[in-house]
Asks: 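One structure follows; several queries about it will come next.
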Amino acid sequence: MLQVKDLHKSFKTGDGNVNAIDGVSFSVPDGQFASIIGKSGSGKSTLLSLLGALDKPTSGSIVVGEKDIVKLHDHTLIKYRCEKIGFVFQNYNLVPNLSAIENVVLPMEFAGVSKTKRLVRAKELLNQVGLEGGKQNRKPGRLSGGEQQRVAIARALANHPSLILADEPTGNLDNQTGKLIFDLLHNLSRTEKTTIVVVTHDLDIAGKTDVTFRLSDGKLVKNGAK
Amino acid sequence: MNVVSRGIRNAFRNTIRTFSIVVILGLSVGLALSMLGARQAVQQKITTIKSTIGNTISISPAGARGFQGGGEPLTTAEIAKVSSIANVTKVTEALQDRLTTSDTNLVSAIDAGTLGNRQAGNSGVGFQAPPDGVPGGAAASQDGTATVKRTFTPPLIVSGVNDVSAASAYGGDSVTFTSGAAFNASSSENVAVVGKALAAKNSLSVGSTFTAYGATVKVVGIYDTGNTFANAGMLMPLATLQTLSAQAGQISSATATVNSIDNIDAATTAIKTALGTAADVTNDQTTAKTAVEPLESVKTISLYSLIGALVAGSVIILLTMMMIVRERRREIGVMKAIGSSNLKTMLQFISEAVTLTFLGMLVGLVIGIAAANPVTKVLVNNSSSSTTQTAGPGVRTRGIRGFGSNSVTNIKNIKTSVGAGTLLDGVGIAFLIAILGSAIPALLISKVRPADVMRAE
């Protein structure tokens, strides 16, 4: 279960304090596929950063499983990110000089998984997301956008995370590929029993998720399961 | 693949940039290595010079210098005190005497010439036997009552030495034996080695004999110093000359050798204290220090250049790594987001810096090995300056023997070799460059916040 309670995040700017996240509270049960929608600047990416322990909130709590990640020390947060969170980015953010399989291996290496085990797991994941054969040894530059995003999803799943956070995962893809990627994420949330939170502009995609949250000016204006 | 191998691989991500950095870094390491080699060679040379040039202390009886002045001769017992003084490595003793035509059947190899006659006149000493019928020729000449026309023949200088191998025995010149060999300096046999000119003038060869002080002396060797004055002399064992010339236990000069010119002041003072007013003690320290000065300046130049090359190399790596970190800021953010710690991320970039530096070091080693010797020679040649002493044949100039054109040649004759130690130093320099150059980029890496990178997308 992902539980967010009265979350606040403010930034200091030249014009004073800006409340990027202003008292957000919601929860997502394990294995559910949730989406966060909202206009640009509504605080979606900031919320995702807070959920992914990439940034610290000004106040509030984020409980993943039974741990309040807000209270974790920096060193523990790295371990938490490594083992419990998977990230999927709009721009894929694969390491360009590593092959697809090496990119998937990377989080497992950081988690201390043995070389043999991580190679086997990486191959399995790439096969699972539909990237097979010689493509697994290609560098990102020689893969299409859809294929790169598949690699990114495989990388996000590498350490069996409790939570996958995806920031506009279909934003750079054509409709057809975007739909395939969404279906892939949706199926994974079922088969891997992983909670997935997706930030998106695409209302069609948001409409297909288990739960959708709408953010406006850092506040949750619509909160509800379907 | 781990962080280190990823760092190594990343070093080749941009081949053109890698090539450029490696070449520039190679030049920097090469220069540093050349300077290190030059510094080591110069230091070695300075140590050699300090222990070979100007590290002697001349001891002569108080008031006497060679055959000039007066006073009482030193004794073997007095000189023995000098041997026990700290940093004195060797003491050579000598007794010099002049053989006139009445003392020997040998003829001087040097013509009197203008200088000889002038010196004979000024000294008031005649060396030839008084002409027949003129008793006390010298006195007769001085009071002007006689009208004998005197001819002056320069005396033969004979030296009794206790170290026949010492350059000072031959007047500080390097010596080669054209035939025969040196005698045993501790013996008391009636033997002598004679200068090439003296041997030629008197048709002497090894095995020949001649008369001195009424005794028969055998020639055991003929030497050549390349010096007209020294080649007209002869050497005998110290004990032999002391006995033949009836100067038992007497010394007319001694030379103490000190292990380094750095200790010469202290040793000189100690000798003065030990011998008191019985001896005049002088050293060549000032001249020797002048000889070392050019090398000291080369040493300083090479040190500054070494530091400069080190700084340049570090700056190259620093700027390169800063550029790389800036370029890969997002990648760093992503790595941190998916679980890489600051330490692991920094280690990857340090590996990259070390790889670039290692490649630069290989190029630098080649440059360093090739350039060390020429660079050192250029530095030394440009820094050396000297005062060349010149003298006419047969005339002994006062001054420092062994320091002149020969010692300048000696200073310039410097060879740098890049050995295993220097190569290890080169590796050390390269890694120092890598560490210094990676420090700030590593700090930049630690400052990258994944959230900022994600926000900037």
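No experiment lies behind these values; they were computed from the predicted model shown. Numbers restart at 1 for each chain; the letters A, B, ... are given by sequence-line order, proteins then strands.
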Asks: Under a 4.5 Å heavy-atom cut-off, does chain B meet the side chain of A/K139, its backbone, both or neither?
Replies: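 It is the side chain, since no backbone atom gets that close.
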Asks: Is the number of heavy atoms from other residues, nucleotides or ligands under 6.0 Å of A/D217 CG greater than 12?
Replies: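 Count not over threshold, so no.
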Asks: Answer yes or no: does atom NZ of B/K344 have more than 12 heavy-atom neighbours from other residues, nucleotides or ligands under 6.0 Å?
Replies: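 Counting neighbours around NZ of B/K344, more than 12 heavy atoms of other residues, nucleotides or ligands fall under 6.0 Å, so yes.
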Asks: If we only count heavy atoms from C-beta on, is the A/K115 to B/N2 side-chain gap below 4.5 Å?
Replies: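 No - every pair of side-chain heavy atoms lies 4.5 Å or more apart.
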Asks: B/I338 pairs by side-chain contact (heavy atoms from CB on, under 4.5 Å) with which of A/R81, A/E109, A/R155, A/M108?
Replies: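 Running side-chain contact (heavy atoms from CB on, under 4.5 Å) over A/R81, A/E109, A/R155, A/M108 with B/I338 returns exactly one hit, A/R155.
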Asks: Counting neighbours of CZ on B/R13 that are heavy atoms of other residues, nucleotides or ligands and sit closer than 6.0 Å, is the number greater than 12?
Replies: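 Atom CZ in B/R13 is crowded, with more than 12 foreign heavy atoms closer than 6.0 Å.
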Asks: Can you give me the closest heavy-atom contact between A/F110 and B/S340, atom names plus distance?
Replies: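 Looks like CZ-CB, 3.3 Å.
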Asks: Between A/P96 and B/E331, what is the shortest heavy-atom contact and its length?
Replies: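 A/P96 and B/E331 have their closest heavy atoms at CD-OE1, 3.6 Å.
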Asks: Please report the shortest heavy-atom distance between B/R330 and A/N91, naming the atom on each side.
Replies: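 Of all heavy-atom pairs spanning B/R330 and A/N91, the closest is NH1-ND2, 3.6 Å.
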Asks: Where is the tightest heavy-atom contact between B/A337 and A/F87, given as atom of each residue plus distance?
Replies: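 Reported closest heavy-atom pair: O-CE1, 3.3 Å.
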Asks: Closest heavy-atom contact between A/C82 and B/G339?
Replies: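 Closest approach of A/C82 to B/G339, heavy atoms only: CB-CA, 3.6 Å.
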Asks: Are A/L106 and B/R6 side-chain neighbours, meaning at least one heavy-atom pair lies under 4.5 Å?
Replies: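 Yes; the side chains approach each other to less than 4.5 Å.
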Asks: Is it the case that over 12 heavy atoms from other parts of the model lie below 6.0 angstrom from the NZ atom of A/K39?
Replies: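 No, the 6.0 Å shell around NZ holds no more than 12 heavy atoms from other groups.
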Asks: Drop me the distance from B/R9's CZ to A/N97's CG, to the nearest 0.5 angstrom.
Replies: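 That separation rounds to 5.5 Å.
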Asks: What part of A/I78 is in contact with chain B, defined as an atom under 4.5 angstrom from a non-hydrogen atom: side chain, backbone, both or neither?
Replies: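 Answer is both: backbone and side chain atoms of A/I78 are under 4.5 Å from chain B.
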